[in-house]
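In what follows, a single structure is set out as structure tokens and then discussed.
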Amino acid sequence: MIDSHVAHDLYATLIDQLVKRRREMNLSQHSLDDKIGCAEGLVAKWESGARMPRPRSLAEWAIALGGTIYFFPDPPAVPDTDEEEHSGA
């Protein structure tokens, strides 16, 4: 089970990065609401900490800003199954 402080810190870090990216793109919170397709004022509530976005909402937020969310420093390598099948492994 993850410690609630760790989870809060993870969310805070992600939200800080998303806010920074929104500002770099010169998008208003309202225009991001529209881009994500969420209720008016929801991005402002997420950014202020008044509401906690669900994981899916975090992903939609990142995608709307041209990004993605990785929960690991580097995405794990996916083995090439074709090579394993041909090598007799």
Side-chain angles (χ1 to χ4, degrees):
M1 186 70 141
I2 190 167
D3 181 291
S4 64
H5 289 43
V6 172
H8 181 270
D9 290 348
L10 175 63
Y11 262 74
T13 299
L14 289 170
I15 291 169
D16 287 347
Q17 292 174 355
L18 293 166
V19 170
K20 180 180 176 186
R21 178 68 178 147
R22 178 184 62 77
R23 289 178 177 157
E24 288 171 353
M25 294 176 67
N26 294 314
L27 284 174
S28 68
Q29 292 171 330
H30 179 73
S31 63
L32 188 54
D33 285 332
D34 291 342
K35 195 168 185 170
I36 295 171
C38 65
E40 185 175 332
L42 193 53
V43 168
K45 290 176 183 176
W46 291 339
E47 290 185 3
S48 71
R51 299 256 328 247
M52 187 69 70
R54 295 180 181 157
R56 180 181 175 134
S57 297
L58 278 172
E60 290 170 348
W61 191 355
I63 290 166
L65 296 173
T68 59
I69 295 177
Y70 290 103
F71 293 99
F72 301 96
D74 296 309
V78 178
D80 186 349
T81 55
D82 288 337
E83 286 183 25
E84 290 177 9
E85 291 174 4
H86 295 296
S87 67

So, for Trp46 and Ile36, which heavy atoms are closest and what is the spacing to 0.1 Å?
-> CZ3-CD1, 4.1 Å
From Ile15 CD1 over to Met52 CE, what is the distance, rounded to the nearest 0.5 angstrom?
-> 6.0 Å
Reported OG1-to-CG distance for the pair Thr68 and Leu58, which is rounded to 0.5 angstrom = 12.5 Å
Set of side chain to side chain contact (heavy atoms under 4.5 Å, CB included) partners for Lys20, sequence neighbours left out = Glu24
So, do Trp61 and Glu47 sit near enough that their side-chain heavy atoms are less than 4.5 Å apart?
-> yes
Shared ILVMFWY cluster between Met25 and Val43, side chains joined below 4.5 angstrom?
-> yes
Pick one: which of Gln17, Lys35, Gln29 meets side chain to side chain contact (heavy atoms under 4.5 Å, CB included) with Arg22?
-> Gln29
Where is the tightest heavy-atom contact between Leu42 and Asp33, given as atom of each residue plus distance?
-> N-OD1, 3.6 Å
Between Tyr11 and Pro53, the two heavy atoms sitting closest are CE2-O, 3.0 Å
Kindly give the heavy-atom pair with the smallest separation between Leu65 and Leu18, and that separation in Å.
-> CD1-O, 3.4 Å
